[in-house]
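Encoded as structure tokens, the structure appears first; notes follow it.
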Amino acid sequence: MRYRQTLIPTLKQDPADAEVISHKLMVRAGMIRQIARGIYDFLPLGLRVVRKVEQIVREEMDRSGAQEILMPAICPAELWQESGRWDKYGKELLRMKDRYERDFCFGPTHEEVVTDIVRREVRSYRDLPMNLYQIQVKFRDEMRPRFGLMRGREFIMKDAYSFHVDADDCNREYEVMADTYKRIFQRCGLTTRPVESDTGAIGGRRAHEFQVLADSGEDAIVSCNKCEYAANVEKAEIGREQTTASGTTNPLRKVRTPEKRTIEEVSAFLAEPPERFIKTLLYVTNHGDTVAALLRGDHELSEIKLRTLLGAEWVALADAETVQKVTGADVGFAGPIGLRGRVVADQALQGIRAAVAGANETDFHYVDVDQARDFGSATFADLRLARTGDPCPRCDGGVFNGHRGIEVGNIFYLGTKYSEPMKATFLDAQGTERPMEMGCYGIGVTRTAAAAVEQNHDDNGIIWPLPLAPAHVHIVPVNWTDERMRGAAEKLYGDLRNAGIEVLLDDREERPGSKFKDADLLGIPFRVTIGGKGLDRGCFELKRRTDAAAQDMPVADAANQLTEMVRTGLST
RNA sequence: CGGGGUGUAGCGCAGCCUGGUAGCGCACCUGCCUUGGGCGCAGGGGGCCGCAGGUUCAAAUCCUGUCACCCCGACCA
């Protein structure tokens, strides 16, 4: 690549609308441009990075035995109606009509389409297992896209779907995919952590996310400091908690707490720490029930855990009117004592004494609440979000550390969630018709590129891992108008290209300072400076983007040495 | 969807309150100079001031509407 012939519109200043580092740097490096909310152009260098990720994904998926296909981006509504998701998916699904007024959607994921392929073409257990994948543009009309490529509405995704005769084989493939993902992200030069996750809207029984640890990540995860256990905070099981029981039992008292609604307000008003509070959240479920969820004042509810416990498809916080009806009080004064209806409580509340709770009467709270005495009939379960310091459920003595993460991949064990309603069945060896067991496996390709920048940058710009870099070597002649330098640069450029190395040659008649700044910004791993002083010594200067200092490299041997370094770097 | 903010040259911004010929830095073009970390000098081009209405002798500026983008929230009592 010659710089002058390539569209690389670098910017000196951060774009005004970028928040996170990957967004700022990718825009500044001239790799992407926003064209609409959550929708981006990929310019030449940005596209090259995306293609690198895709190619690594493709090679490893192929190696795992999966087959690449390409499904349509625009899908007919019928398939989505069949699975029931046409009505369930909500506004994230971009819907449209064709000229005949038929309904279509821009596929945000392709379970329906792939299941349709397989049910039509596969009849026998002899044809299974089968893993089909595609690398394709997806669209999800996110409520709030942000952070550049990290949470775009349009994005490139690798999505794979596997079909099996039974659960054992599906679980086997799940492990194969987990290994494949490990290799993919390793090859991308990314440090990822597989964490247990909720199965969410896609549905299914078992799921892991692959998280790139980064402070800017949108996901909160915890990992054990002693064992391998790691999970999304919404899903993480919490080990046995120390009892929060304390103090002697005093008679229940009702106290006046005018206008004090939040834990914070009441806590300050009564001079009691939040740990002594019982927080009462009223939820409604898709079954139309109202359920009270109790938590310790300093804890946060995991709606996912609540949903799972209740066996509900969704739960939502009750509105003020419902709260009024159920508690007889304004919002802010709900409590477990005297509350009608179902009550579920976080396990941390079991046995709590001398606690504070709403009195179900506007402007009043109870103090000296004793769980066993005052609301003994509640169901206890693990309901809260995990956080730093919580005990690990899988080992003895381990505690959680909290992290932020960027979810770059996920694997789901789906079971028969789609194969049953869509009748993707096969005949087993006994001639019995059975639904296929399914798994699905996604990787956010464009998000992976952004995550790589989040994980690899400094104050001067991007530091691409070699396998994802838009080029391997960046040649910077100090003065392009100097014939000696230009000649040496052209020679090295030609030699490296002949050796199969990807090179960016800065042939601009810019001052050296500008070229160095741009080189740092672009983040190509090997920079070769060609200058007068060096040439006098018969040398180029090699600077790795990761290093502060340059080293001499004899002109005669430069192409060979660089080729070797790139090959070594790519093979590890 | 609710709240807040911003739309002025390619990018980053000032001007708006208090109406009166549209500015700054960078980038761009020409020439000279310079060439090892975003040089210097001189000259120059570029704007339906997001869009549509309204008020006014006069609107980037005031009013109404609308569109786009950004931030916060959209559950935690």
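- Across all strands, Arg33(A) comes closer than 4.0 Å to no nucleic acid atom at all (heavy-atom distances).
- Within 4.0 Å of Ala316(A), counting heavy atoms only, lies no atom of the nucleic acid at all.
- Among the heavy atoms of the strands, none lies under 4.0 Å from Ala18(A).
- Donor-acceptor pairing under 3.5 Å, judged by distance alone, is absent between the side chain of Asp14(A) and the base of rG12(B).
- Proximity of Gln13(A) to the phosphate of rG38(B): no side-chain N or O atom is located under 4.0 Å from OP1 or OP2.
- Taking atom C1' in both rC41(B) and rA22(B), the straight-line distance is 27 Å, to the nearest Å.
- Between Ile530(A) and Lys91(A), the residue anchored nearer the 5' end of RNA chain B, judged by the nucleotide with its closest heavy atom, is Lys91(A).
- Between Leu11(A) atom CG and rG12(B) atom P the separation is 7 Å, expressed in whole Å.
- Residue contacts for Asp330(A): at a heavy-atom cut-off of 4.0 Å it reaches no nucleic acid atom on any strand shown.
- For Glu407(A) and Asn410(A), the side-chain atoms include at least one donor-acceptor pair closer than 3.5 Å.
- Whole-Å rounding puts the Asn479(A) CG to rC39(B) C1' distance at 13 Å.
- Annotation: rC62(B) and rG7(B) have their P atoms spaced 11 Å apart (nearest Å).
- Comparing rG4(B) with rA9(B), their C1' atoms sit 28 Å apart, to the nearest whole Å.
- If you check the side chains of Glu196(A) and Asn232(A), you find no donor sitting under 3.5 Å from an acceptor.
- By the neighbour-count criterion of 12 heavy atoms within 6.0 Å, atom CZ of Arg2(A) is densely surrounded, having more than that number from other residues, nucleotides or ligands.
- Nucleotide rA68(B) is matched to rU6(B) when pairs are restricted to Watson-Crick or G-U wobble geometry with both distances under 3.5 angstrom.
- Considering only the side chain of Arg28(A), rG38(B) comes nearest among rA77(B), rG12(B), rG38(B).
- The nearest whole Å value for the distance from the CE atom in Met143(A) to the C1' atom in rC70(B) is 17 Å.
- Between rC70(B) and Arg37(A), a contact under 4.0 Å exists linking OP1 or OP2 to a side-chain N or O.
- A distance of about 15 Å separates the P atoms of rC67(B) and rC51(B), rounded to the whole Å.
- The side chain of Ser514(A) contributes an N or O atom lying less than 4.0 Å from OP1 or OP2 of rC39(B).
- Using Watson-Crick or G-U wobble geometry with both donor-acceptor distances under 3.5 Å, rC39(B) finds no partner in any strand shown.
- For rG38(B), its base never sits under 3.5 Å from the side chain of Arg508(A) at any donor and acceptor pair.
- For Glu541(A) against rG36(B), a side-chain-to-base donor-acceptor contact under 3.5 Å is present.
- Residue Lys517(A) has its side chain nearest to rG37(B) when only rC69(B), rA77(B), rG37(B) are considered.
- Rounded to whole angstrom, the span from the CZ atom of Phe540(A) across to the C1' atom of rG36(B) amounts to 15 Å.
- Within the nucleic acid shown, Glu509(A) has no heavy atom closer than 4.0 Å to any nucleic acid atom.
- Residue Gly534(A) is classed as a base contact, given a heavy-atom separation below 4.0 Å to a base.
- Taking only side-chain nitrogens and oxygens, Arg511(A) never comes nearer than 4.0 Å to OP1 or OP2 of rG38(B).
- Nucleic acid contact for Asp520(A): base, since at least one base atom lies under 4.0 Å from a heavy atom of the residue.
- When the C1' atom is used for both rG73(B) and rC29(B), the distance is 48 Å, rounded to whole Å.
- Between Trp80(A) and Tyr89(A), the ring planes lie perpendicular to each other; the angle is over 60°, past the 30° to 60° tilted range.
- Atoms CE and CG, on Met31(A) and Leu47(A) in that order, are 11.5 Å from each other to the nearest 0.5 Å.
- Counted by atom type alone, Ser216(A) and Glu454(A) present one or more donor-acceptor pairs between their side chains at under 3.5 Å.
- Of all heavy-atom pairs between His23(A) and Tyr40(A), the closest is NE2-OH, 3.4 Å.
- Taking atom CD of Glu265(A) as the reference point, atom P of rA77(B) lies 9 Å away to the nearest angstrom.
- Taking atom CG of residue Asp346(A) and atom P of nucleotide rA77(B), one finds them 15 Å apart after rounding to whole Å.
- Between Arg33(A) and Asp41(A) there is no salt bridge, since no side-chain N of the basic residue sits under 4.0 Å from a carboxylate O of the acidic one.
- In this structure, Leu295(A) reaches neither bases nor backbone, as no heavy-atom distance under 4.0 Å exists between it and the strands shown.
- Atom C1' of rU30(B) sits at a distance of 10 Å from the matching atom of rG45(B), rounded to the whole Å.
- Within the 4.5 Å cutoff, the side chain of Asp219(A) has no heavy atoms near those of the Ile406(A) side chain.
- Sequence order on RNA chain B of the closest nucleotides to Arg153(A) and His365(A) puts Arg153(A) first from the 5' end.
- In this structure, rC24(B) and rG12(B) make a Watson-Crick or G-U wobble pair, each of the two defining distances being under 3.5 angstrom.
- The phosphate of rG38(B) (OP1 or OP2) has no side-chain N or O of Lys12(A) nearer than 4.0 angstrom.
- rA74(B) and rG65(B) have their C1' atoms separated by 26 Å, given to the nearest Å.
- Within the nucleic acid shown, Lys533(A) comes within 4.0 Å of at least one base atom, counting heavy atoms only.
- Atom C1' of rC63(B) sits at a distance of 13 Å from the matching atom of rG19(B), rounded to the whole Å.
- For rA60(B), there is no paired nucleotide, since no Watson-Crick or G-U wobble pair has both relevant distances below 3.5 Å.
- Of the listed nucleotides (rG12(B), rG36(B), rC70(B)), rC70(B) has the atom at the smallest distance from the side chain of Asp17(A).
- When the P atom of rG36(B) is taken as reference, atom CZ of Arg537(A) falls 14 Å away, rounded to whole Å.
- A straight line from NZ of Lys543(A) to C1' of rG36(B) spans 13 Å, rounded to a whole angstrom.
- Base pairing of rG73(B): its partner is rC1(B), meeting the Watson-Crick or G-U wobble criterion (both donor-acceptor distances under 3.5 Å).
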